[in-house]
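In what follows, a single structure is set out as structure tokens and then discussed.
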Amino acid sequence: MSSALTFDIRHRLDGALARTGTITTPHGAIETPAFIPVGTKATLKSLTPEQLEALGAQAVLANAYHLYLRPGSEILDQAGGLNAFMNWKKPTFTDSGGFQVMSLGVGFKKVIDMDGSVTEKPLSKKEKLAWIDNEGVTFKSHLDGSRHRFTPEISMQIQHQIGADITFAFDELTTLHDSYEYQVESLHERTHPWAVRSLAEHKRLNEVRSHRPPQALFGVVQGANYEDLRRECSRFLGAMDFDGFGLGGALTKKNIGEIVSWMCEELPENKPRHMLGISEPDDIFACIENGADTFDCVSPARVGRNGALYTLDGRRNITNAKYKADFTPFDAECDCYTCTNYTSAYLHHLFKSDELLSNTLATIHNERFIVRLVDDIRASIADGTFFDFKERYLNRYYAAKRK
RNA sequence: GCAGGGGUAGUGAAGCGGUCAAACACAACAGACUGUAAAUCUGUCGGCAUAUGCCUUCGCAAGUUCGAAUCUUGCCCCCUGUA
């Protein structure tokens, strides 16, 4: 076991895989379950670190791909690492760039299947920006078209230069459109061997770079929506000396909890599990119930910037005309800076006027909403009220949609 | 007063005899967004109808023509230059 990270389980929920715990890193602790906001380019878009901390974020997750391209991971290294560079005192994560391999290359932005329908079109050969082989991936920068190559070793080198507390192994994220045969090949030829290579390079770098705080590495489970592949991958990675695990890959929303349970039943219990890219309330409940400890997702920030704000009664578009003269708080039950200081009419106006403050206020509210939801779930596990809380919360949240 | 230019859907602005309910932009209205190529994208946007469609429109009026937003005449406004 690396000294980069410890995980102490506090509570377990009867009749489910849910638990609470504490992840301890060189930059402090994370009480789990926890929602980790995403700051892809070493910033959560439109927020200062102080605002991010004030809304209750316990950590942030940045991206190796983006920071490698700009400003360059060596700049982060020279800055003294991600924390120093972005003035964030608390724990940090970096994603490996595996997601970008998929989104730049395969061409389907189809990682979560919402309703069974396929609407995305694959990219044409001309548009394709990434090509995968068993050694790694060659890709073109989405910024300037220049060619680059990531391998598990390179991804780890970048992630060590960035210096986040928790890093992820370089994986291949398949899509729901890939055949079973492709999923098997991806797992056996790439994601598994790449996990081995990522871990070896990570250990080497932790030794070579002993002047820096030790970093933790999570292996990333793939296998799409196939139970045998999910279990196999979890056993394979679970037997390795990872500090924790990323629950990744394509999945179908309707059985997301079941898919998470396949993984968590196989993974070692005493290591944290991070659900990659999930933040809708129903998904969060399902994933925590089945063993997920932490989450990251761009959605609260992105949909917020686009004018969709969470309420306990579902997501609402603040740009709707009905808010034009609504001088009440957007969500009277929310304790965030935005809802306690501004009216719906003002938020509506900021959005309609394309004012930058709209981004900030909406992001604060949405991030706070999801952070608080997960905090409340953590409390409900601790006091044994999880199932009641889940039923009450989701009944209300999706009531309008069901009508 | 004279010379020239112009009046097109909420706004700006194309169109200058048929393929025009009328490009495009903006505004407006609605929807989407789940390991960020996203302060983005999509749809609607004269009226009625699910739709082929039907009806009313391109300053006003009268004409020419099989057919006019597009041509003619008159009128009413606006802008520029000049008295």
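Just so we're on the same page: letters track the sequence lines, and every chain starts at 1. Given the structure is predicted, the values throughout are model-derived calculations rather than measurements.
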Which value, in whole Å, describes the distance between the [atom1] atoms of nucleotides [N] and [M]?
N	M	atom1	answer
B/U52	B/A21	P	13 Å
B/A28	B/C75	P	42 Å
B/U64	B/A30	C1'	47 Å
B/C60	B/U19	C1'	29 Å
B/A68	B/A62	C1'	14 Å
B/C77	B/G59	C1'	8 Å
B/A9	B/A22	P	15 Å
B/U65	B/U11	C1'	35 Å

With sugar-phosphate meaning primed atoms plus P, OP1 and OP2, does [X] contact a base, only sugar-phosphate, or nothing at under 4.0 Å between heavy atoms?
X	answer
A/Asp171	base
A/Arg316	nothing
A/His66	sugar-phosphate

Less than 4.0 angstrom from a charged side-chain N to a carboxylate O is my criterion; do [X] and [Y] meet it?
X	Y	result
A/Asp77	A/Arg209	yes
A/Asp171	A/Arg190	no
A/Arg368	A/Asp331	no

Any strand counts, and the cut-off is 3.5 Å on both contacts for Watson-Crick or G-U wobble. Which nucleotide pairs with [N]?
N	result
B/C71	B/G63
B/U34	none
B/A39	none
B/C2	B/G81
B/C45	none
B/U57	none
B/A22	none

What is the distance from [atom1] of [X] to [atom2] of [N], rounded to the nearest Å?
X	N	atom1	atom2	result
A/Arg315	B/G31	CZ	P	11 Å
A/Leu44	B/G35	CG	C1'	15 Å
A/Leu361	B/A39	CG	C1'	13 Å
A/Lys322	B/G31	NZ	C1'	13 Å
A/Lys41	B/A37	NZ	C1'	9 Å
A/Lys324	B/A30	NZ	C1'	16 Å
A/Ile318	B/A32	CD1	P	15 Å
A/Lys253	B/U34	NZ	P	11 Å

Query raised in the report: Of all heavy-atom pairs between A/Ile23 and A/Pro272, which one has the smallest distance, and what is that distance?
Result: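 Smallest heavy-atom distance, with atoms named: CD1-CB, 3.7 Å.
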Report yes if a donor N or O on one partner sits less than 3.5 Å from an acceptor N or O on the other, where the partners are the side chain of [X] and the base of [N]; otherwise report no.
X	N	answer
A/Asn320	B/G31	no
A/Lys45	B/U36	no
A/Gln222	B/G35	yes

Could you work out which one of [options] sits closest to the side chain of [X]?
X	options	value
A/Gln100	B/A37, B/C33, B/G35	B/A37
A/Lys352	B/A38, B/U34, B/A28	B/A28
A/Ser299	B/A37, B/C33, B/A30	B/C33

**Report entry** Letter per nucleotide, 5' to 3', of nucleotides 40-47 of chain B [B base touched, S only sugar-phosphate touched, - untouched; heavy atoms, 4.0 Å]
**Finding:** B-------
**Report entry** B/A30 OP1/OP2 closer than 4.0 Å to side-chain N/O of A/Asn317
**Finding:**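 No.
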Query raised in the report: With respect to the phosphate group of B/A37, does any side-chain polar atom (N or O) of A/Ser103 fall under 4.0 Å of OP1 or OP2?
Result: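 For B/A37, OP1/OP2 do have a side-chain N/O of A/Ser103 under 4.0 Å.
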Query raised in the report: Stepwise, does the side-chain hydrogen bond (donor to acceptor under 3.5 Å, both in side chains) test hold for A/Gln157 with A/Glu201?
Result: CA-CA 8 Å; A/Gln157 287 156 15; A/Glu201 181 67 1; 2.8 Å; yes
Query raised in the report: Does the gap between the ring centers of A/Phe139 and A/His148 come in under 6.0 Å?
Result: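 Centroid distance A/Phe139-A/His148: below 6.0 Å, so yes.
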Report task. Any pair with a residue in residues 295-319 of chain A that passes ring pair (Phe, Tyr, Trp, His ring centres under 6.0 Å), sequence neighbours left out, goes on the list, sorted by first then second residue, please. Result ->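 Listed once each, the pairs are A/Tyr310-A/Phe369.
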Report task. Test A/Asp293 against every option in A/Lys271, A/Arg10, A/Arg19 by the salt bridge (Lys or Arg N to Asp or Glu O under 4.0 Å) rule and name the one that passes. Result ->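 Filter result, single survivor: A/Arg19.
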Query raised in the report: Which word best sums up how the rings of A/Tyr346 and A/Tyr342 line up, parallel for under 30°, tilted for 30 to 60°, or perpendicular for over 60°?
Result: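 Parallel: the ring planes of A/Tyr346 and A/Tyr342 meet at under 30°.
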Query raised in the report: Hey, is B/A13 sitting syn or anti, using the within-90° cutoff around 0?
Result: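 Nucleotide B/A13 adopts anti.
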Query raised in the report: With A/Lys322, which residues qualify under side-chain contact (heavy atoms from CB on, under 4.5 Å), at least two apart?
Result: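 Residues passing side-chain contact (heavy atoms from CB on, under 4.5 Å) with A/Lys322: A/Asn320.
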Query raised in the report: Between A/Leu356 and A/Ala301, who's closer to the 5' end of RNA chain B by nearest nucleotide?
Result: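 Counting from the 5' end, the first nearest nucleotide belongs to A/Ala301.
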